[in-house]
Amino acid sequence: MLEADLIVVNASEVATCTGSAGPEGLAPIRNGAVAVRDGRIVWVGPEAQLPFKVRTLEATRVDARGGIVGPGFVDAHTHLVFAGDRAREFSLRCAGASYASLLAEGGGILATVRATRAASEEELVRLALPRARRLIAQGVTTVEVKSGYGLSVEDELKMLRAIRALAEELPISVVPTALPLHALPPEGREDRDGWIDRMLEELVPAVAEEGLAQFVDAFVEEGAFSPDEARRLAAVAAEYGLGLRLHVDQLTDQGGAELAAELGAVTADHLEEVSEEGIRALAESGVAVTLLPTSTLYLKCPRYAPGRALADAGVKLALGSNCNPGSAMSENFALALSLACLGNGLSAPEAYYAATAGGADALGLEDRGRIAEGYAADLVIFDAPSFEHLAYHMAVPHARVVIAGGRVVHEAEDLPGCL
Ligand code: NIG
């Protein structure tokens, strides 16, 4: 007998995301149902075939009311934990100042570093919680969160402990990434190599020892860090069994995609300025790409990452909100989904796949991002008539019920509704 403690019924469509990436990836089931037990999916199929015994059990029945059901979003790139804000800089940028010049003048990321250093671990958690809750309300059930605003051994550890404490407070999965090479802090200016040495020789081992992160990351860019500095980080990360993610080719083509391929990075993120050679290198190496179109819009970059060309070349794609105080102050994952279509050139089903199965693959999560037996029961009921609609009706809340680990973690009181 199939036993379930929660079943989702009355869905017009269940996107399982069990196909391979591409237009057919959603592998939808018309009039589908999903049965869950102890936080795991135990059955998915057409509701008419729902095993009779399940229907008679005292399982919580969640009525999709004719809406669509899919895996929860995997937000594969965020900087959710920070203090302070950069509203004034936003205004200056809108009026013509550049992101890179603000950083060079000691603002930008460094302004957030000052505020984050001044905040306690508890305060950082308190500030991050409402941001995370806004993501959950959008249907996010897994979120990657980076450090990178501490930039001293002590402050990076404080940030990573705040991320761990945040994870304990949240009903969704959190994947932590240490970002020691985000920007050079003032104390690094006089002895750049010495500062980098401390990050690599003191911070990375401490992160590994305390189990504070699964990945390390670097911002490879003019005015940030060089490919050679990222190579040094990659070597230390490998020594400590940490995976590598990279911010590359965001503002200028630094050969970052080729670097990610050379270093066997797990993901290369941003890529607005990637070259054709870079796309080829990613495709050949199997490095996944996280598209971050909200920041492309927010920084008024001249072009979006070439998602279409990357997908056509066979590169695996994920999607992130990139929620952060400087380049993407938005928890609106639905906006990222629409921009992945409008800006990066994905079809709506491709964007949804990147935002779910693609993100799980890019974070190395083998039991997330799909609706299939044995997978974590991270599901969203969207008040929308089709998966195209999620991207089409832009930047509005579509998630009516969000289920993480088999528990209802968010229910929208009154959605305007598209049904
Ligand atoms: O992914 N590009 C570097 N890092 C972040 C922005 C961080 C900030 O501006 O505070 C990003 O866009």
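Throughout, numbering of the chain's residues begins at 1 and tracks the sequence. Order of appearance sets the numbers: ligands from 1, and atoms from 1 within every ligand.
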- Message: Among all the protein's non-hydrogen atoms, which is closest to atom 4 (N) of ligand 1, and how far away is it?
- Response: His182 NE2, 2.8 Å

- Is there any N or O on Thr112 that sits under 3.5 Å from an N or O of ligand 1? no

- Please state which protein non-hydrogen atom is closest to atom 1 (O) of ligand 1 and give its distance, to 0.1 Å? His270 NE2, 2.9 Å

- Residues Arg40 and Asp367 bridged, charged N to O under 4.0 Å: yes

- So is there a nitrogen or oxygen of Gln250 less than 3.5 Å from a nitrogen or oxygen in ligand 1? yes

- Query: Going by the atom numbers of ligand 1, which of them fall below 4.0 Å from some non-hydrogen atom of Tyr149?
  - Reply: 7 (C), 8 (C), 10 (O)

- Query: Is a salt bridge present between Asp361 and Lys316, judged by a nitrogen-to-oxygen distance below 4.0 Å?
  - Reply: no

- Any donor-acceptor N or O pair under 3.5 Å, side chains Glu144, Thr177: yes

- Is it the side chain, the backbone, both or neither of Glu221 that has a heavy atom closer than 4.0 Å to ligand 1? neither

- Top protein contact for atom 6 (C) of ligand 1, by heavy-atom distance: Tyr99 OH, 3.1 Å

- Task: Assign the ring pair Phe382 / Phe73 to parallel, tilted or perpendicular, where the plane angle (0 to 90°) is split at 30° and 60°.
- Result: tilted

- So do Ile371 and Val34 actually touch side chain to side chain, heavy atoms under 4.5 Å? yes

- Query: Which heavy atom of the protein is the closest neighbour of atom 5 (C) of ligand 1, given with residue, atom name and distance?
  - Reply: His79 NE2, 3.5 Å

